[in-house]
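Keep in mind that the numbers below use all heavy atoms, side chains included, and drop hydrogens, waters and symmetry copies. Being a predicted model, the structure only gives us computed values, none of them experimental. Note that ligands are numbered from 1 as they come in the structure, with each ligand's atoms numbered from 1 the same way.
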Amino acid sequence: MNGVYHLKLHNYSIATKNLVPGIKSYKEKTIKIKNDEYRIWDPFRSKLAAAIMKKLEPMPIKKKASVLYLGASTGTTVSHISDIVGIEGRIFAVEHSSRVAREFINRVAANRLNIIPIIEDARKPQNYFSICEKIDVVYADIAQQNQTTITINNCKMYLKNNGYLLLVIKTKSIDVTKKYQEVADNEIKKLKLFSIIQKIDLYPYDKDHFIVLAQFLQ
Ligand code: SAM
């Protein structure tokens with residue numbers, strides 16, 4: 001897969017080629033093959049890695065892509081996306097907690113020139129209008145009850161026609177009274193402006209979580 005390397009190690013693993021060799025973003029394992037350094041991408045720590053292990057197809061995040069990432073947290077997944085899109089790609093990484101964002105900037109964004117950290121509330125996409133541009137992929141993982149609506153509003157503002165959405169659905173954050181499959185299906189019904197390509201249950205890597213891959217039809 002473009003920018004994602006499948007390695008035969010002790011356990012079957014995926015990895016990305018480190019954009020900044022010698023610098024780790026968290027406590028990830030690294031491996032040297034010839035002159036390149038690869039960062040092992042743990043599907044138990046990153047939902048995008050879990051989706052790839054569960055046959056995400058197509059992988060919309062490619063070399064040179066621009067990505068709007070909602071819910072950057074401390075940057076585990078963002079760092080691997082940064083490896084994949086490379087120096088000609090861009091990640092606009094939105095995180096509203098200033099404490100978490102500070103850790104993200106110090107550990108990850110400060111070392112990687114393709115990441116633009118945005119300390120903002122994803123519920124107010126107009127607040128980053130002067131920073132963010134039209135982009136290829138929206139990745140949303142903010143684990144909020146109304147996150148699908150928040151994500152759609154971001155897509156309307158920033159996602160290109162035919163661009164891709166990767167939406168993480170943490171069903172427990174949305175409704176604990178319904179079956180997790182039903183909660184996910186109700187969220188997917190809200191994506192009326194999109195063509196749904198894939199719905200991936202992230203079990204066994206994450207319980208009660210899905211990733212939905214969809215294409216924007218605006
Ligand atoms: N995607 C991350 C990863 O794979 O490394 C994990 C994201 S974590 C589940 C959710 C993050 O979304 C938290 O860091 C939280 O502070 C952030 N968040 C929640 N609501 C937000 C909002 N309205 N705007 C921006 N960030 C938000």
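In this structure, K190 places its NZ atom where more than 12 heavy-atom neighbours from other residues, nucleotides or ligands lie under 6.0 Å away. Within a 6.0 Å sphere centred on CD1 of I131, other residues, nucleotides and ligands contribute more than 12 heavy atoms. No more than 12 heavy atoms of other residues, nucleotides or ligands lie within 6.0 Å of CD1 in I87, so this atom counts as exposed by the packing criterion.
Short contacts between ligand 1 and T76, defined as distances under 4.0 Å to a heavy atom of the residue, involve ligand atoms 5 (O). The ligand atoms of ligand 1 that sit less than 4.0 angstrom from a heavy atom of S73 are 2 (C), 6 (C), 7 (C), 14 (O). Residue Q144 has at least one heavy-atom neighbour below 4.0 Å for each of these atoms of ligand 1: 19 (C), 20 (N). For ligand 1, the atoms closer than 4.0 angstrom to any heavy atom of E120 are 24 (N), 25 (C).
For a threshold of 3.5 Å applied to N or O pairs, the pair formed by S46 and ligand 1 contains no separation below that value. For ligand 1, one of its N or O atoms has an N or O atom of Y69 under 3.5 Å away. In terms of polar-atom proximity, defined here as any N/O pair under 3.5 Å, Y139 makes no such contact with ligand 1. Of the N or O atoms in I150, none lie within a sub-3.5 Å distance of an N or O in ligand 1. The shortest N/O to N/O separation between G75 and ligand 1 does not fall below 3.5 Å.
Among the candidates D141, I61, V168, the single residue satisfying the side chain to side chain contact (heavy atoms under 4.5 Å, CB included) test with L48 is I61. Across D136, V138, I197, V67, a single residue satisfies side chain to side chain contact (heavy atoms under 4.5 Å, CB included) together with Y164, and that is I197. A side chain to side chain donor-acceptor pair (under 3.5 Å) with D208 is found for one member of K179, K172, K170 and no other, namely K172.
Protein heavy atom in closest approach to atom 4 (O) of ligand 1: T77 OG1, 2.6 Å. Looking at atom 12 (O) of ligand 1, its nearest protein heavy atom turns out to be G71 CA, 3.4 Å. Scanning the protein for heavy atoms near atom 23 (N) of ligand 1, the closest one is D121 OD1, 2.9 Å. Taking atom 8 (S) of ligand 1 as the reference point, the nearest protein heavy-atom neighbour is D141 O, 3.9 Å. Looking only at protein heavy atoms, the nearest one to atom 24 (N) of ligand 1 is A122 N, 2.8 Å. Considering only non-hydrogen protein atoms, atom 15 (C) of ligand 1 sits nearest to E95 OE2, 3.5 Å. Shortest contact from atom 26 (N) of ligand 1 to any protein heavy atom: H96 N, 3.3 Å.
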> Taking it one step at a time, do Y5 and Y38 satisfy ring-ring contact (aromatic ring centres under 6.0 Å, His included)?
Replying inline: CA-CA 8 Å; Y5 299 84; Y38 294 83; 5.0 Å; yes
> Under the side chain to side chain donor-acceptor pair (under 3.5 Å) criterion, do E187 and T148 qualify, and how do the steps go?
Replying inline: CA-CA 7 Å; E187 294 310 297; T148 305; 2.6 Å; yes
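For the ligand labelled ligand 1, residue R45 lies outside the 4.0 Å heavy-atom shell.
Counting heavy atoms closer than 4.0 Å to ligand 1, residue K47 contributes side-chain atoms (C-beta onward) but none from N, CA, C or O.
Between F44 and Y205, the ring-plane angle classifies as perpendicular under the 30° and 60° cut-offs.
Aromatic rings from F92 and Y158 are positioned such that their centres are separated by 6.0 Å or more.
N114 contributes a side-chain N or O that, together with a main-chain N or O of S82, makes up a donor-acceptor pair within less than 3.5 Å.
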